Amino acid sequence: MVTKPFTGSPEDADLARADSLAREIFSDVANKWAFLIVEGLGDRTLRFSELRKEIEGISHKMLTQNLRMLERNGLVERTVYPTVPPRVEYTLTEPGQALRATVDGMCGWTRRYLGHIEAARRSFNA
């Protein structure tokens, strides 16, 4: 499906449309790796290897793909320094910082209800 270009004001965005840019954005940023990258960067600027150490279990490929997606969406800024070997750093942009507030809320919600969800899953599986 081709995403329809967005025109108009943010209040006019139809989030329910299948060809909505909003749906594409939801799909991009609402995955565990994107959440963990945004959380990992926080207010800091990190190199690729530092960020990978922050996010246990993420592969080189997944980190690369998600950083590119976040950069494409204007949420992460990638800075390359002309050194040998090249030094690359990542930081959240202003919209990325705004998304971080939502991610922080989701992380807080997860911490708060982790025990409840775990108990519900045990009960459901019994």
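Below, each value reflects all heavy atoms present in this structure, side chains not excepted, and no hydrogens, waters or symmetry copies. Everything quoted here is computed from the prediction, not taken from an experiment.
- Cluster partners of Trp109 are Tyr113, Ile117, counting Ile, Leu, Val, Met, Phe, Trp and Tyr whose side-chain heavy atoms approach within less than 4.5 Å, directly or via other members.
- Residue pairs that meet the ring-ring contact (aromatic ring centres under 6.0 Å, His included) test with at least one member in residues 78-101, sequence neighbours left out, do not exist here.
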Please output the side-chain donor-acceptor pairs of residues 91-108 that fall under 3.5 Å, not counting sequence neighbours, one pair per line with the distance.
residue : atom : partner : partner atom : Å
Thr91   : OG1  : Thr45   : OG1          : 3.3
Thr93   : OG1  : Gly74   : O            : 2.6
Thr93   : OG1  : Leu75   : O            : 3.2
Thr93   : OG1  : Gly96   : N            : 3.3
Gln97   : OE1  : Arg100  : NH1          : 3.4
Gln97   : NE2  : Gly42   : O            : 2.9
Arg100  : NH1  : Asp43   : OD1          : 2.9

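- Interatomic distance, CG of Leu67 versus CG of Leu46, reported as 10.0 Å (0.5 Å rounding).
- Smallest separation of non-hydrogen atoms from Arg47 and Glu50: N-OE1, 2.7 Å.
- Listed by chain and number, the residues in a side-chain hydrogen bond (donor to acceptor under 3.5 Å, both in side chains) with Arg68 amount to none (sequence neighbours excluded).
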Let me have the donor-acceptor pairs involving side chains of residues 26-38, under 3.5 Å, with sequence neighbours excluded, atom names and distances please.
residue : atom : partner : partner atom : Å
Asp28   : OD2  : Asn73   : ND2          : 2.9
Asn31   : OD1  : Trp33   : N            : 2.8
Asn31   : OD1  : Ala34   : N            : 2.8
Asn31   : ND2  : Asp28   : O            : 2.8
Asn31   : ND2  : Asn66   : OD1          : 3.3

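- With hydrogens and angles disregarded, a donor-acceptor distance shorter than 3.5 Å links the side chain of Arg52 to the backbone of Ile58.
- For Phe48, the ring-ring contact (aromatic ring centres under 6.0 Å, His included) criterion is met by His60, not counting sequence neighbours.
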